[in-house]
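Encoded as structure tokens, the structure appears first; notes follow it.
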Amino acid sequence: MMFWRSVVGKLWFTILLLVSFVLFLLTVLLLEFFENYHIKETEGSLTNLASNMAHFVEDQELEIGLQISWELLDDVTGAMVIKNENEWYYSPEIPESLELPVSFFLEDTELSKVLEQQKTAKKIVEIPLSKGDSSILIIGVPIANLAGETGAVYIFQSLQAVQETTESTTKFILLAAGIAIILTTIFAFFLLTRITAPLRKMREAVVEAARGKFDTKVPILTRDEIGELATAFNQMGRQLKFNMNALSQEKEQLSSILSSMADGVITFNRDGTILITNPPAERFLQHWYFTLEGKSVQAEAVPQDVMELFQWAVDMEQEQVGEFSIQGRHWVVIVSPLYNNTFIRGAVAVVRDMTEERQLDKLRKDFIANVSHELRTPISMLQGYSEAIVDDIAETTEEKKEMARVIYDESLRMGRLVNELLDLARMEAGHIQLTSDHVEIDSYVQRIIRKFQGLAKEKGIQLLYEHDLKYSTYFFDPDRIEQVLTNLIDNAIRHTPESGIVKLIAKTDDQNFHVEVSDSGSGISEEDLPFVFERFYKADKARTRGRSGTGLGLAIARNIIQAHKGDITVQSKLDHGTTFSFQIPRMGE
């Protein structure tokens with residue numbers, strides 16, 4: 001079945017059918033020609049013979065003319081001379097199969113014209129024989145001046161010899177046609193094989209090119225059109241390889257540019273489907289997904305406000321600008337239409353995180369106020385209690401010791417504040433020194449958690465620990481990371497109500513050490529969320545001085561994680577708790 005579908009099979013069948021059809025027409029025409037030719041030759045020969053016999057009978061006496069006429073006949077030819085209806089003469093050696101009654105000649109419409117109208121007549125008649133029917137050619141020629149009467153000479157001969165000659169010719173022609181078909185088949189297969197061999201090579205090369213192997217070459221076996229086709233294919237393969245390499249380089253360059261951009265880029269199709277995003281844009285979408293409170297969304301979904309900007313940009317064919325606040329972060333989105341020649345084929349959105357700019361504006365306004373607030377209380381207390389001692393307001397020794405203890409505690413608090421400010425300044429200046437070592441993760445984390453078990457039990461809080469450690473040890477500065485974990489766990493416990501849950505999850509993989517500290521506390525408002533890692537930040541504005549820290553713990557924690565080349569993030573909703581996450585990469589060991 002595959003043979004008939006191939007080019008060789010189709011071309012061979014076409015050539016064979018064409019040759020067979022031509023040979024069939026040629027055979028039919030040749031057979032018809034040879035049959036007519038033999039009959040006409042026999043007819044002409046018999047007509048001349050009949051004319052000669054009529055001439056001899058006319059010019060000689062009847063007996064002598066008949067004797068001469070009979071000498072002209074051969075073994076397969078018969079003749080009859082009719083003088084009148086009552087007198088006629090048969091040739092002496094006429095074959096028995098050719099003995100026809102005189103009535104046949106006198107009553108036949110065509111043959112009787114010789115006697116009646118003195119016209120030459122001819123006719124082919126069929127007579128039954130023991131071996132089948134046979135055709136007889138009869139020629140009639142009138143005889144004039146036959147003793148004052150008009151007679152006729154009828155000469156007749158069987159066409160069986162002509163039929164045998166025709167059959168022999170037919171066999172010869174059929175044999176020649178069969179030989180021609182066999183030779184045509186052999187020649188066609190030889191020719192088609194030479195034609196299709198380079199085509200098969202080209203097909204294999206095309207299959208390899210479809211798999212991406214554009215350096216596949218087709219051997220040039222001939223210098224004809226197929227050879228030119230192979231040359232053109234090889235040139236096309238080289239050009240395709242060059243173009244694909246150029247496209248790959250352009251794609252890699254575009255991907256590198258997009259990945260290294262600080263701004264997010266989202267490319268939309270005409271129907272709003274996301275085509276391309278870069279890491280900053282994905283972070284923007286992740287923040288938006290977190291605000292959906294567990295609603296199922298498609299992976300290509302984008303915020304409704306961004307889709308509105310996209311629709312306006314496409315409909316109005318103008319750049320659109322919008323600003324959004326998601327999870328306390330401020331984003332500016334610029335959507336511009338993309339054109340394909342003269343038609344809009346989509347749009348590109350540039351997402352810029354303006355949170356730091358907004359934070360800088362706010363911090364610039366709040367920094368002096370925060371520092372003044374933190375220093376004013378201990379300075380006022382130092383001033384007030386020292387004046388009381390100087391003015392002898394304290395009468396007893398115990399009162400003086402109590403005032404001195406307050407002055408001492410407040411001086412320690414100012415010292416801690418100043419030291420933490422100095423530490424934070426050194427960290428931000430890049431002067432932090434890490435003393436990294438191999439740490440057994442499980443025992444390390446459990447030791448830190450045990451420090452807070454008493455405080456958690458006192459407040460009725462469940463302190464849970466989960467881990468998924470592909471590697472049991474990791475390389476980092478244990479003292480600095482303990483400082484980070486202590487700050488996060490302490491904040492979680494202090495902001496979680498009774499019967500709440502604080503959970504720490506530790507994970508290690510081939511690239512990073514992940515830690516999550518989550519609580520079921522009151523959470524952080526969206527407007528405060530961008531500032532949790534800034535110095536002097538305090539989410540609980542109403543907490544008392546006795547419970548309050550310096551507001552520098554999370555800022556120090558962020559700098560420690562950044563010194564480890566890691567990243568720390570926070571996600572929170574009011575009344576749904578807070579989750580602090582950080583990860584540090586595997587450092588040189």
Side-chain angles (χ1 to χ4, degrees), residues 30-169:
L30 287 175
L31 291 177
E32 187 69 21
F33 169 76
F34 283 120
E35 184 177 2
N36 293 333
Y37 174 77
H38 289 305
I39 292 175
K40 288 182 178 180
E41 286 291 320
T42 303
E43 179 182 335
S45 177
L46 292 179
T47 301
N48 291 332
L49 183 59
S51 299
N52 291 332
M53 290 176 65
H55 177 70
F56 290 139
V57 172
E58 289 177 357
D59 294 344
Q60 304 292 332
E61 292 182 3
L62 181 60
E63 292 296 334
I64 297 173
L66 291 175
Q67 186 66 30
I68 296 174
S69 299
W70 304 145
E71 293 294 333
L72 298 176
L73 299 177
D74 55 19
D75 295 338
V76 294
T77 306
M80 175 182 285
V81 178
I82 300 177
K83 185 177 181 181
N84 53 46
E85 295 180 359
N86 299 317
E87 186 179 357
W88 62 88
Y89 304 92
Y90 278 107
S91 58
E93 296 181 0
I94 186 173
E96 182 180 355
S97 61
L98 298 179
E99 291 183 357
L100 299 175
V102 68
S103 60
F104 177 80
F105 300 98
L106 297 177
E107 294 175 359
D108 188 80
T109 305
E110 292 292 330
L111 298 177
S112 62
K113 293 180 180 180
V114 179
L115 293 171
E116 295 174 356
Q117 302 177 10
Q118 296 184 359
K119 292 182 178 180
T120 300
K122 60 180 179 179
K123 187 174 183 179
I124 298 176
V125 298
E126 299 286 339
I127 61 173
L129 298 175
S130 59
K131 297 181 179 179
D133 295 340
S134 178
S135 300
I136 297 177
L137 176 61
I138 303 174
I139 303 295
V141 178
I143 303 175
N145 300 322
L146 189 60
E149 296 178 346
T150 301
V153 175
Y154 291 98
I155 188 169
F156 39 87
Q157 181 180 329
S158 175
L159 295 179
Q160 186 175 2
V162 176
Q163 294 175 351
E164 291 176 355
T165 302
T166 304
E167 291 176 0
S168 299
T169 305

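Along the sequence shown, the residues carry numbers beginning at 1.
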Approximate separation, where rounding is to 0.5 Å, of Met53 CE and Ile68 CD1: 11.0 Å

Least distance between heavy atoms, Phe156 atom then Ala79 atom: CZ-N, 3.9 Å

Contact summary for Tyr89 and Trp70, nearest pair of heavy atoms: O-CH2, 3.9 Å

Separation of Tyr154 OH from Leu46 CG (nearest 0.5 Å): 15.0 Å

Where Ser91 and Leu73 come nearest, the two heavy atoms and their spacing: CB-CD1, 3.4 Å

Where Val141 and Ala54 come nearest, the two heavy atoms and their spacing: CG1-CB, 4.1 Å

Lys122 atom NZ, over 12 foreign heavy atoms within 6.0 Å: no

CG-CD1 distance between Asn52 and Ile155, expressed to the nearest 0.5 angstrom: 9.5 Å

